[in-house]
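These notes are about the structure you will find just below.
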2 protein chains.
Amino acid sequence: MDQVEIFKALSNKTRLQILGWLKNPEESFPEQGTYGYADGVCVGQIQVKTGLTQSTVSEYLSSLQRAGLVTSTRKGQWTYYKRNEEAFTALSQIIQSEI
Amino acid sequence: MDQVEIFKALSNKTRLQILGWLKNPEESFPEQGTYGYADGVCVGQIQVKTGLTQSTVSEYLSSLQRAGLVTSTRKGQWTYYKRNEEAFTALSQIIQSEI
DNA sequence: TTGACATATCGGAAAAAACCGATATATATT
DNA sequence: AATATATATCGGTTTTTTCCGATATGTCAA
């Protein structure tokens, strides 16, 4: 668990927004509808909501994943990303005890 | 409280080390001795311990202060920096509830 | 008031991050 | 096999960060 990498991933407004949206995918991405949210939300829907390009958002999601803050699941041609809540709990505790 | 600014301040190994040292100034900076640690630790001692230049460390401490993670007190020709524990408590809670 | 010391600020070179468009890859459909 | 769609990766430009040396400022002591 590389703390610097985690904080770098969190040092960007758009990436913080994405994490916020993934807290309530039903609210933030109602268009996903039928498939459900068990695996999170697919890249394309996140991309539209950010207003940034597909490549940028794909890289942002990778960086969040490298930091351990989200996990990804490939299903067919889609990749779904969802929050890794344990990572946030752990980070919260690290800030209280270690840093 | 600008979250991006806080995380940027935490996105650097040296700045994280400084914050760690300031958790236990008596242990980390025994050379300060006589003056005590009520106001924290002065820039020069932190600078020596980092191995970086005076200007770099001064800027690092400013950025930690802008983020609200430390406070500074001028005493004579010295500036003492100490942790702002409330900020860490607040950040820990923000990570659990907001982010 | 001069000199010594501590810290802050300024200007800049090198490295990293923030994006983008183009292209590659993987899967699904026909 | 060919086409369409979703995502990842690559190469590049611009902006930001990382650090430095030089200089300015602020305080103390002689």
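Throughout, a chain's letter reflects where its sequence line sits, starting with A, and its residues are numbered from 1. Any value given below was found using the heavy atoms of this structure, including those in side chains, with hydrogens, waters and symmetry copies removed.
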Return the nearest nucleotide to the side chain of Lys8(A); candidates are dC20(C), dA16(C), dC10(C). dA16(C)

Side-chain N or O of [X] closer than 4.0 Å to phosphate OP1/OP2 of [N]:
{"X": "Arg74(B)", "N": "dA8(C)", "result": "no"}
{"X": "Tyr60(A)", "N": "dT7(D)", "result": "no"}
{"X": "Thr79(B)", "N": "dA6(C)", "result": "no"}
{"X": "Thr56(B)", "N": "dC20(D)", "result": "yes"}
{"X": "Asn12(A)", "N": "dA17(C)", "result": "no"}

So for Thr53(B) and dG21(D), does any side-chain atom that can act as donor or acceptor lie under 3.5 Å from a complementary atom in the base? no

Base dA8(D) paired with Gln54(A) side chain (donor-acceptor, <3.5 Å): yes

Using atom [atom1] of [X] as one end and atom [atom2] of [N] as the other, report the distance to the nearest whole Å.
{"X": "Leu52(A)", "N": "dA17(C)", "atom1": "CG", "atom2": "P", "value": "18 Å"}
{"X": "Leu10(A)", "N": "dA18(C)", "atom1": "CG", "atom2": "P", "value": "12 Å"}
{"X": "Glu59(A)", "N": "dT23(C)", "atom1": "CD", "atom2": "P", "value": "17 Å"}
{"X": "Lys75(B)", "N": "dC5(C)", "atom1": "NZ", "atom2": "C1'", "value": "19 Å"}
{"X": "Ile46(A)", "N": "dT7(D)", "atom1": "CD1", "atom2": "P", "value": "9 Å"}
{"X": "Gln47(B)", "N": "dA8(C)", "atom1": "CD", "atom2": "C1'", "value": "13 Å"}
{"X": "Leu64(A)", "N": "dA17(C)", "atom1": "CG", "atom2": "P", "value": "14 Å"}
{"X": "Arg66(A)", "N": "dA8(D)", "atom1": "CZ", "atom2": "P", "value": "12 Å"}

Could you check if a side-chain atom of Phe29(B) sits within less than 4.5 angstrom of a side-chain atom of Val48(B), using non-hydrogen atoms only? no

Side chains of Trp78(A) and Val43(A): closer than 4.5 Å at any heavy-atom pair? no

Reading DNA chain D from 5' onward, which residue's closest nucleotide shows up sooner: Val43(A) or Trp78(B)? Val43(A)

What is the nucleic acid contact for Tyr80(A), judged by heavy atoms within less than 4.0 Å: base, sugar-phosphate only, or nothing? nothing

Where each residue is assigned the nucleotide of DNA chain C containing its nearest heavy atom, which of Gln77(A) and Thr14(A) is assigned the position nearer the 5′ end? Thr14(A)

One should read off an interatomic distance between Ile6(B) CD1 and Leu10(A) CG, to the nearest 0.5 angstrom, of 11.0 Å

Establish, for the pair Lys75(B) and Tyr80(B), whether the NZ or CZ atom is under 6.0 angstrom from the six-membered ring centre and no further than 45 degrees off its axis. no

Main-chain N/O of Ile18(B) paired with Lys49(B) side-chain donor or acceptor, under 3.5 Å: no

